[in-house]
Amino acid sequence: MEKNNESLHILRHSTSHILAQAVQSLFPQAKLAIGPSIENGFYYDFDLTDGHAFSEDDLVKIQDKMIEIVKQNLTFEQYLIEDVEVKISEFKSQGEIYKAELLEEHKNDNPTLYLTKDKSGNFLFNDLCAGPHVPNTTYIKAFKLLKVAGAYWRGDEKNKMLQRIYATAFWTKDDLKAHLDFLEEAEKRDHRKLGTQLDLFSIREEVGGGLVLWHPNLATVREEIENYWRCEHRKRGYQIVNTPHIAKSHLWDISGHTSHYRDNMYFIQDEDQEYVLKPMNCPFHILIYQANRYSYRSLPLRLAELGTVYRNERSGALAGLSRVKGFTQDDAHIFCTPEQLIDEINAIIDFVSDTLSMFGMTFDVELSTRPESYVGTIDNWDKAEEGLKKALDVKGMKYEINEGDGAFYGPKIDFKLKDAIGRTWQGATIQLDFNLPERFGIKYQDSDGQLKTPIMLHRVIFGSMERFMGILIEHYAGSFPTWLAPTQVCIVPISNEKHTDFAQKVYEKLNAEGIRVKLDDRSESMNYKIREALQDKKIPYVAVIGDKEIEANAVAIRARGKGQIGVFAIDEFIVKLAQEIKSKGHEVIG
RNA sequence: GCCGGUGUAGCUCAACGGUAGAGCAACGGUUUUGUAAACCGUAGGUUGUAGGUUCGAUUCCUAUCACCGGCUCCA
């Protein structure tokens with residue numbers, strides 16, 4: 001059997017059968033649901049009908065049992081189900097209701113069973129499965145059970161919650177070890193850990209889950225990114241606006257939020273007037289549009305805002321900076337004519353792609369279509385979905401279709417960013433909306449003199465500042481490039497007594513140039529300060545100052561992760577540092 | 001919201017029925033350093049919160065808040 005990526009899925013799927021066999025042998029009451037291969041591993045869902053919950057200890061026992069089964073050198077054999085109805089009732093009588101349900105669905109697809117058989121030809125276990133599998137268990141050499149989690153049968157929260165065991169398998173022990181090492185490495189990059197370690201942000205119980213306190217360090221990173229964002233928007237023809245945090249409920253009745261987004265909204269009662277804490281910025285931008293008359297010549301109108309919104313999330317959904325209740329969207333709304341639409345969408349795709357590639361990030365694209373709860377006519381929705389598809393096709397971008405995942409007012413193009421652990425997060429999104437302009441009755445005057453309804457695009461590049469920072473922290477593993485680093489240079493005098501005066505002058509000089517610099521004149525050893533600055537605080541540069549440097553009017557530079565890189569005249573260092581900062585991520589010094 | 005797990009000093013962890021201990025950080029002192037952890041000392045906690053069981057609770061039980069791994073949902 002050739003050992004490539006495709007066959008790895010087969011190996012994993014086969015290992016999942018062994019997992020099921022082990023579980024049923026240790027827990028005869030366990031009923032089998034499904035056990036597919038997934039990216040980086042596989043899982044199997046079980047219904048432990050007696051309410052027992054798999055523990056860490058159980059995982060060890062199950063893993064041992066699997067090793068025992070594998071050692072028996074069993075063969076996998078396919079078996080065609082001849083009488084489906086008989087097998088369904090057999091499954092039912094065994095209590096295998098999930099298998100029965102699956103077989104019922106696949107009864108016209110020539111369903112097969114896979115059996116594991118020992119050397120004497122005894123069948124030990126069977127599972128409804130289309131296959132294929134590895135020929136026998138000698139192929140299964142390197143696997144590990146990772147974690148237990150709850151999962152709804154068929155992913156529907158109306159169904160029973162099953163217990164899912166996540167695991168992984170590889171062709172060799174070395175491959176397995178490499179993957180486990182990767183997971184460990186990813187854990188170190190977790191933005192929540194780095195957030196504490198680097199004093200970036202905190203989330204306090206007293207404030208509430210999903211509400212972020214930005215510490216000075218992360219606020220600095222954000223400031224740099226926002227400055228870049230503003231500058232880039234002006235270049236690309238956007239105008240920047242600001243809008244309030246609350247508005248009367250009536251505004252959200254017009255937009256449709258009170259009926260389609262209610263569960264996510266916070267309401268504020270003020271005497272007999274009800275207000276809503278804004279979950280989105282769009283209605284405000286529409287009102288700004290309404291303040292003036294527009295013609296086809298003056299469109300597109302591009303309004304951008306770093307708008308802070310609040311959304312009530314289901315309690316289990318919150319996660320670090322990735323999923324919060326209060327967040328700032330780098331939002332924009334573009335009002336345009338149908339003729340301008342494709343160019344506008346393409347310009348946004350370029351904007352997203354330019355921005356993400358500046359950070360060296362990769363992304364996948366998805367097109368999300370009409371959800372169950374929506375406003376507007378099917379005709380408008382079809383037009384909108386076609387428009388987005390056309391724009392993506394013109395760009396030649398590859399994308400997946402995500403049925404029913406659009407916003408309630410329009411379909412969207414989503415850009416999925418990967419975090420350190422390989423989880424994907426929605427970052428940038430472009431949403432095409434024929435509906436809100438109609439609901440608010442906004443118009444423009446076309447070349448034929450007629451008043452027409454403009455098309456509206458909602459879009460974000462970073463998604464939210466919070467989530468993007470989370471991804472950024474993990475992306476850089478906390479070692480921000482110089483332009484973003486909260487502290488860019490740490491000055492370390494070798495002897496406080498002899499060198500601090502000069503170090504102070506260097507500090508003032510760098511500070512006057514707008515460089516984020518710190519002088520470490522604590523009574524600590526030089527080695528300690530260097531280690532703390534470079535390793536713990538992940539500051540890009542340490543400037544060491546001693547007799548020789550004072551003599552030469554210079555600084556000895558040590559760079560994060562690189563060690564000593566040389567002695568620079570102070571002015572030369574400043575020039576190079578400024579170049580590096582300006583380059584936004586490209587290393588100049590060294 | 002659901003399933004499972006976890007909340008002990010600023011951080012990382014220990015003790016697990018007999019009223020809490022370490023390392024790092026902090027603070028004080030000594031040291032003044034030539035390139036990734038100098039030395040000594042001090043202080044710091046109603047063990048997330050509220051109830052309950054018990055002679056006695058950080059430890060057991062219940063509720064609640066928060067976090068973690070997932071599911072569902074989403075920027």
Side-chain angles (χ1 to χ4, degrees), chain A residues 43 45 48 51 53-56 146-166 190 192-193 196-197 199 202-210 261 263-264 279-280 309 311 313-325 327-331 368 371 405 407 412 414-417 421 423 425-429 431 458-468 470-471 492-500 521 523-536 542-549 556-558 560-565:
Chain A
Y43 66 79
D45 286 347
L48 264 70
F54 287 131
S55 65
E56 291 289 311
L146 298 171
K147 56 197 173 193
V148 185
Y152 299 107
W153 167 237
R154 319 214 103 179
D156 187 335
E157 62 183 322
K158 290 184 203 83
N159 290 337
K160 182 165 185 182
M161 179 147 286
L162 308 175
Q163 291 191 62
R164 174 171 299 178
I165 294 178
Y166 279 98
D190 190 312
R192 292 163 299 189
K193 278 201 169 154
T196 307
Q197 193 187 317
D199 193 17
S202 55
I203 297 170
R204 292 287 297 268
E205 198 169 335
E206 296 89 323
V207 181
Y261 208 70
D263 291 347
N264 286 294
M280 295 188 192
V309 298
R311 298 182 186 173
E313 296 290 346
R314 305 225 270 178
S315 60
L318 303 175
L321 293 177
S322 311
R323 189 75 182 276
V324 290
K325 280 181 178 170
F327 54 99
T328 301
Q329 295 183 299
D330 64 317
D331 210 357
S368 297
D405 208 33
K412 56 184 186 169
D414 288 330
F415 296 78
K416 303 277 179 182
L417 294 175
I421 320 168
R423 291 183 292 204
W425 291 98
Q426 184 165 321
T429 172
Q431 306 174 352
H458 310 239
R459 58 105 272 206
V460 286
I461 306 286
F462 297 130
S464 78
M465 298 313 288
E466 285 74 7
R467 179 175 291 178
F468 191 73
I471 290 167
V492 174
I494 290 176
S495 156
N496 284 345
E497 288 174 1
K498 290 194 279 177
H499 310 129
T500 300
D521 56 0
S523 173
E524 292 287 353
S525 71
M526 175 186 62
N527 282 331
Y528 178 87
K529 293 179 189 175
I530 289 173
R531 180 189 152 95
E532 185 188 70
L534 296 175
Q535 181 176 301
D536 299 344
V542 165
V544 176
I545 290 172
D547 291 339
K548 284 185 244 167
E549 286 71 29
I557 299 300
R558 181 164 270 259
R560 181 181 57 198
K562 284 196 203 140
Q564 281 192 81
I565 54 171

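Residue numbers begin at 1 in each chain, while the letters A, B, ... track the order of the sequences.
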| query | Between B:U35, B:U32, B:A75, which nucleotide gets closest to the side-chain atoms of A:V544? | reply | B:U35

Polar atoms only, N or O, under 3.5 Å: list the protein pairs with nucleotides 37-41 of chain B and their distances.
| from | atom 1 | to | atom 2 | distance (Å) |
| --- | --- | --- | --- | --- |
| B:A37 | N9 | A:R531 | NE | 3.4 |
| B:A37 | N7 | A:R531 | NE | 3.1 |
| B:A37 | N7 | A:R531 | NH1 | 2.9 |
| B:A37 | N7 | A:R531 | NH2 | 2.5 |
| B:A37 | N6 | A:R531 | NH2 | 2.9 |
| B:A38 | OP1 | A:S525 | OG | 2.8 |
| B:A38 | OP2 | A:S525 | OG | 3.0 |

| task | Check whether any side-chain heavy atom of A:R459 sits under 4.5 Å from a side-chain heavy atom of A:D330, and report yes or no. | result | yes

| task | Give one of base, sugar-phosphate or nothing for A:A53, where a contact means two heavy atoms less than 4.0 Å apart. | result | sugar-phosphate

| query | For atom P, what is the distance between B:G21 and B:A26, given to the nearest Å? | reply | 23 Å

| message | Does A:R323 contact B:C73 through a side-chain donor or acceptor facing the base, at a distance under 3.5 Å? | response | yes

| field | Side-chain N or O of A:R164 closer than 4.0 Å to phosphate OP1/OP2 of B:U72 | value | no

| request: Take A:F415 and A:R154, find for each the nucleotide of RNA chain B with the closest heavy atom, and name the residue whose nucleotide sits nearer the 5' end. | output: A:R154

| field | Residue matched to B:G21 through Watson-Crick or wobble contacts both under 3.5 angstrom | value | B:C13

| message | Heavy atoms only, 4.0 Å cut-off, all strands: where does A:L318 land among base, sugar-phosphate and nothing? | response | sugar-phosphate

| P atoms of B:A9 and B:G5, separation to the nearest Å | 23 Å

| Rounded to whole angstroms, how far apart are CG on A:D156 and P on B:C2? | 16 Å

| said: Would you measure the distance from the C1' atom in B:C16 across to the matching atom in B:C74 and give it in whole Å? | reply: 40 Å

| query | Can you find an N or O donor on one side and an acceptor on the other, under 3.5 Å apart, linking the side chain of A:R204 with the base of B:C67? | reply | no

| Phosphate contact (B:G1 OP1 or OP2) by A:S315 side-chain N/O below 4.0 Å | yes

| task | Looking at every strand, decide which applies to A:G155 at a 4.0 Å heavy-atom threshold: base, sugar-phosphate, or nothing. | result | sugar-phosphate

| request: Could you tell me whether the phosphate oxygens of B:C2, OP1 or OP2, come under 4.0 Å of any side-chain nitrogen or oxygen in A:K160? | output: no

| task | Figure out the CD1/C1' separation between A:I203 and B:C65, and round it to whole Å. | result | 15 Å

| request: Calculate, to the nearest 0.5 Å, the distance between atoms CE and CZ belonging to A:M526 and A:R531 respectively. | output: 14.5 Å

| said: Any carboxylate oxygen within less than 4.0 angstrom of a Lys/Arg side-chain nitrogen, looking at A:R192 and A:D190? | reply: yes

| field | A:Q426 and A:R467, any side-chain heavy atoms less than 4.5 Å apart | value | yes

| said: Does A:E549 contact B:G34 through a side-chain donor or acceptor facing the base, at a distance under 3.5 Å? | reply: yes

| Is A:Y43 close to A:I165 at the side-chain level, that is, under 4.5 Å between some pair of heavy atoms? | no

| Can A:F54 be called stacked on B:G4 when the rule is centres closer than 5.5 Å and an angle between planes below 30°? | no

| field | Polar pair under 3.5 Å, donor/acceptor by atom type, side chain A:E532, base B:A25 | value | no

| To the side chain of A:E205, which of B:G34, B:G7, B:G1 is closest? | B:G7

| field | B:C74 phosphate, OP1 or OP2, under 4.0 Å from A:R311 side-chain N/O | value | no

| query | Can you tell me how far the CG atom of A:N527 sits from the CD atom of A:E532, to the nearest 0.5 Å? | reply | 13.0 Å

| said: Once hydrogens and angles are ignored, does a donor-acceptor distance under 3.5 Å link the base of B:G1 to the side chain of A:Y152? | reply: yes

| Is there a Watson-Crick or G-U wobble partner for B:G69 with both distances under 3.5 Å, and if so, which one is it? | B:C3

| Over how many whole Å does the gap from A:E313 atom CD to B:C65 atom C1' extend? | 18 Å

| Pairwise P distance, B:A22 and B:A57 [rounded to whole Å] | 24 Å

| request: Kindly point out which of B:C74, B:U35, B:G69 is positioned nearest to the side chain of A:R192? | output: B:G69

| message | Just to be sure I understand the rule, does A:G209 reach a base, reach only the sugar-phosphate, or reach nothing, if contact means heavy atoms closer than 4.0 Å? | response | sugar-phosphate

| A:I545 CD1 - B:G34 P separation (whole Å) | 16 Å

| query | C1' atom, B:U46 versus B:U32: distance in rounded Å? | reply | 44 Å

| field | A:K147 side-chain N/O to B:G70 phosphate OP1/OP2 under 4.0 Å | value | yes

| To the nearest Å, how far apart are A:I165 CD1 and B:C71 C1'? | 15 Å

| task | Please report, rounded to the nearest Å, how far the C1' atom of B:A75 is from the CZ atom of A:R314. | result | 17 Å

| Distance in Å, A:W153 CH2 paired with A:L162 CG, rounded so as to fall on 0.5 Å steps | 7.5 Å

| task | Just call it for A:G561: base, sugar-phosphate, or nothing, with non-hydrogen atoms closer than 4.0 Å on any strand. | result | base

| said: For a quick check of understanding: with a heavy-atom distance under 4.0 Å over all strands, which category does A:V324 fall into, base, sugar-phosphate or nothing? | reply: base

| field | Any-strand Watson-Crick or G-U partner of B:G45, both distances under 3.5 Å | value | none

| query | Now, which nucleotide makes the Watson-Crick or G-U wobble pair with B:U32, with each of the two distances under 3.5 Å? | reply | none

| task | Nearest 0.5 Å please: distance from the CG atom of A:D331 over to the CZ atom of A:F462. | result | 13.0 Å

| task | Please report, rounded to the nearest Å, how far the P atom of B:C3 is from the OH atom of A:Y43. | result | 19 Å

| Nucleotide forming a Watson-Crick or wobble pair with B:A57, both distances under 3.5 Å | none

| request: Would you check if A:L417 and A:F468 make a side-chain contact, meaning some heavy-atom pair closer than 4.5 Å? | output: yes

| task | Verify, without hydrogens or angle tests, whether A:N496 (side chain) and A:D521 (backbone) share a donor-acceptor contact under 3.5 angstrom. | result | yes

| query | Hey, does the side chain of A:Y166 come within less than 4.0 Å of B:C71's phosphate (OP1/OP2), counting only N and O? | reply | yes

| query | Distance between the C1' atoms of B:U58 and B:G7, in whole angstroms? | reply | 11 Å

| field | Nearest-Å distance once atom C1' is located in both B:A37 and B:G70 | value | 39 Å

| note | Taking for A:G427 and for A:M161 the nucleotide of RNA chain B with the nearest heavy atom, the one nearer the 5' end belongs to A:M161

| Once you round it to whole Å, what is the distance between P of B:U32 and NE2 of A:H499? | 13 Å

| Do A:R311 and A:V324 touch side chain to side chain, with heavy atoms closer than 4.5 Å? | no

| If the C1' atom of B:U42 is compared with that of B:U49, how far apart are they to the nearest Å? | 32 Å

